[in-house]
Every structure is written in C-alpha cells, then in structure tokens.
Amino acid sequence: MTKKIISSLLALLMVILLFGGCAAKTEVKINGTNIDNEVTAYFKATAKEGEDANALIARYVAVNSEFNNRSLKVPANMRSSLSDDVNNIWNLFGTYYENLGISKETIYKIELSKVYETLLLKECYGENGTSPVSEDALKEYFRGNYASIRFVTGYLFEVTENGTTEMTGEQKKKLTESFNAAADAVNNGTSIEEAVALLGSAEIHDTVINSKGNDNFPEGFWDEVKKIEVNKAGVVLLGSYIFLVQKVDSEKGDYECYSEYKSDCLYQMKGEDFDKIVSSWAEQYK
C-alpha cells in the first residue's frame, strides 16, 4: 500500500473516531434523481466538521457525470491498484462501514470516483489536455520539491530500563564527529555502504521526500536536505536526531522516481485550479 493511501486511511480513521456517530440514512436527490442510500450514508459519515455532506455528494455526482460524458477510460493498471486499495480499506474499516449499511462495492465506487477525478485533472492539464502543463515545467517542479535519499538515523539519547537519557556533551560530540566522517568519506568517493562502517551497526534506508511534508522525519528535515547536492552526502542535526543523508539522482538509474511522482507534481501545481473547475461542475447539481 502506498504512503499516500496509508496517510489517507489514517486521516479517515481520525474522521471516523471524531464524527462516526453522525451518519443518517436520509434520502438525498440530485437534480430530482435519488442518490444511492449507501453513497449518501458514506458522505454523511465521513464529512468533516464544517463540511456540507450534500455538497460532497453533488461533487461526487458531478465528477462521475463529467468522466462519463467525456468517454474516458480507467487504465487496467489503475483498476488493479484500485482493487488493492479498496481491499486494504475494507480490511481496516469494513466492520465500521457494515454497521452503517455500506457495502464494499460502495467503497469501490467512492474510490473509483477519486480515480476519475485524477484522470479528469490529466484531461485538463496533462500532456494532451486542454491546458497542458509542459514536461519542462513538471520536471522543474519535481527537482525543486522532491528528492531521493539514502540515509542513516542516529539518536542523541540512550534507551535505558527507565526510559531515555540524553547523551552527555562529549557523547554527542563523538557521535557527530563519526557522522561527519562518514559524510566526508562518501563525498570522497566511498560508497555509503562502506562509509557507515564508521557508525557501527547502522542501517541504510532509501526513500523519497518532498517539500509538502514528511511525517517520518523531524520538522525542518526537507529544508536541510535541500541544501545537499545530488550525489553528495551531508549531516542533518535536528532535535534529538542526527542523520547521514546521501542525495541520489531522482531522474535516472536505480533511484529514478520522476515517472512515479509526475502525477503528484501535476496535482500539486494545478490542484487548486482544478478544484475550482470541479466546484463549478458541482454547482449544476442541486
């Protein structure tokens, strides 16, 4: 399951915990047509505080209608990924939805509508869209807001039977010196696998981070990593954590990830504009 889906599920869990008792199976009509009771129950249950569930339903109908009117198709790979995502959602929240009278099939329809929205955005701003964003603009955004990194995490505290104890000034100094030595070794041509031997039994992790937030790292991590040149290493010291970070090329080789995040870049660049377009569609559905 992707990190994006995991984050969405966690956000949905918070909504359920806070507002789970708000669902009601009241009939809703859009332009005089009855809307499926299960769809209605879903939006009534998951609408956040201050959100109008009926407006969310209108948006759902508008997106589905626009997608069908344009005779668009969902690619096979996206349908396969969608099925996996729905299975994961159902495994986590299936009992909750069943108690509301919402079936797995309805959850599939809700998630499918989100896929429609993604494809409609591409229809507007994709390569062959009505207002296309150029490949150069997408890559420029990607380079400024994404980074592939290899990193090792160190801790400026020790775990004891009574909890954690902050390191002494001398211990912190020695640990920082060893991380700096490892970074220097990488920058002088040593592989990061060999360089981490200076840190003892450290474990190397690979990931992609971006400027929009990285839940697994302390605040300010992105700003520090951004200063490191591609194919170079640096040491990031934040709070009680110290990191050895090597930035690798995100556009070619083993760590190429531009193609994977291209759609995310398009959404981040044009999401607000597209949201206004969808809202204008939804206004036609009362």
Worksheet entry | Beyond-backbone contact of L121 with I277, side-chain heavy atoms, under 4.5 angstrom | no
Discussion item. Looking only at the aromatic ring of each residue, does the gap between the centers of F243 and F221 stay below 6.0 angstrom?
Written reply: yes
Practice prompt. For residues K262 and E135, report the shortest heavy-atom separation together with the two atoms involved.
Written response: NZ-OE1, 2.9 Å
Worksheet item: Aromatic rings Y125 and F274: how do their planes relate, parallel, tilted or perpendicular, breaks at 30° and 60°?
Response: perpendicular
Worksheet item: Stepwise, does the side-chain contact (heavy atoms from CB on, under 4.5 Å) test hold for T106 with K109?
Response: CA-CA 5 Å; T106 292; K109 289 195 296 185; 4.2 Å; yes
Worksheet item: Between the main-chain N or O of G129 and the side-chain N or O of K122, is there a donor-acceptor pair closer than 3.5 Å?
Response: no
Worksheet item: Roughly how far, to the nearest 0.5 Å, is the OG1 atom of T190 from the CG atom of D184?
Response: 10.0 Å
Fill in: Backbone of D249 reached by a side-chain donor or acceptor of K252 within 3.5 Å
no
Worksheet item: Within the distance-only criterion (no hydrogens, no angle test), does the side chain of T176 pair as donor or acceptor with the backbone N or O of K172 below 3.5 angstrom?
Response: yes
Worksheet item: When you look at CD of E51, are more than 12 heavy atoms from neighbouring residues, nucleotides or ligands closer to it than 6.0 Å?
Response: yes
Discussion item. Show, in sequence, the C-alpha distance, side-chain angles and deciding distance for R79 and L112, and conclude whether the side-chain contact (heavy atoms from CB on, under 4.5 Å) test is met.
Written reply: CA-CA 8 Å; R79 284 196 178 275; L112 178 60; 4.1 Å; yes
Worksheet item: At their closest point, which heavy atom of C257 faces which heavy atom of V208, and how far apart are they?
Response: SG-CG2, 3.8 Å
Item to complete: Say whether, by atom type as modelled, one donor and one acceptor occur between the side chain of S148 and the main chain of S250 under 3.5 angstrom.
Response: no
Practice prompt. Answer yes or no: is there a side-chain heavy-atom contact under 4.5 Å between E98 and W90?
Written response: yes
Fill in: Where W281 and Y285 come nearest, the two heavy atoms and their spacing
O-CD1, 3.3 Å
Discussion item. Just checking E177: does its CD atom have more than 12 heavy atoms from other residues, nucleotides or ligands closer to it than 6.0 angstrom?
Written reply: yes
Discussion item. Taking the side chain as everything from C-beta on, heavy atoms only, tell me whether E158 gets closer than 4.5 Å to T164.
Written reply: no
Worksheet item: Which is it for I149 and Q246 under the side-chain contact (heavy atoms from CB on, under 4.5 Å) test, yes or no, and what are the steps along the way?
Response: CA-CA 6 Å; I149 62 171; Q246 181 185 26; over 6 Å; no
Practice prompt. Please list all pairs passing the ring-ring contact (aromatic ring centres under 6.0 Å, His included) test where one or both residues lie in residues 143-166, with sequence neighbours left out.
Written response: F142-Y146, Y146-Y261, F151-H205, F151-F217, Y155-F157, Y155-Y241
Worksheet entry | Nearest heavy atoms of L175 and S178, plus distance in Å | O-OG, 2.6 Å
Worksheet item: Donor-acceptor pair, N145 side chain versus S211 backbone, under 3.5 Å?
Response: no
Discussion item. On a heavy-atom basis, which atom in W222 and which in N210 lie closest, and how many Å separate them?
Written reply: CE3-C, 3.7 Å
Practice prompt. Check whether any side-chain heavy atom of E251 sits under 4.5 Å from a side-chain heavy atom of R143, and report yes or no.
Written response: yes
Worksheet item: Any donor-acceptor pair under 3.5 Å linking the side chain of E38 with the backbone of S103?
Response: yes
Item to complete: Would you check, one step at a time, whether the test salt bridge (Lys or Arg N to Asp or Glu O under 4.0 Å) holds for K139 with D136?
Response: CA-CA 5 Å; K139 283 193 173 182; D136 287 344; over 6 Å; no
Donor-acceptor contacts, no H, no angles, side chain residues 192-201, under 3.5 Å, sequence neighbours left out:
from : atom 1 : to   : atom 2 : distance (Å)
E193 : OE2    : R150 : NH1    : 2.8
E193 : OE2    : R150 : NH2    : 3.1
E194 : OE1    : S191 : OG     : 3.2

Worksheet item: So, does D275 use its side chain to make a donor-acceptor pair with the main chain of G271 at under 3.5 Å?
Response: no
Worksheet item: Where is the tightest heavy-atom contact between K232 and I228, given as atom of each residue plus distance?
Response: O-CG2, 3.4 Å
Please tabulate, one pair per line, all N/O donor-acceptor pairs under 3.5 Å involving side-chain atoms of residues 70-77, not counting sequence neighbours.
from : atom 1 : to  : atom 2 : distance (Å)
R70  : NE     : E66 : OE1    : 3.2
R70  : NH2    : E66 : OE1    : 3.3

Fill in: Intermediate values then yes/no, side-chain contact (heavy atoms from CB on, under 4.5 Å), I102 and V39
CA-CA 8 Å; I102 300 171; V39 171; over 6 Å; no
Practice prompt. State, with a plain yes or no, whether a side-chain heavy atom of L119 is found less than 4.5 Å away from one of M78.
Written response: yes
Worksheet entry | Face-on cation placement of K104 at Y97 ring, 6.0 Å and 45° thresholds | no
Worksheet item: Do side-chain atoms of E256 reach the backbone of Y258 as a donor and acceptor pair under 3.5 angstrom?
Response: yes
Worksheet item: So does E117 pair up with K114, basic N to acidic O under 4.0 Å?
Response: no
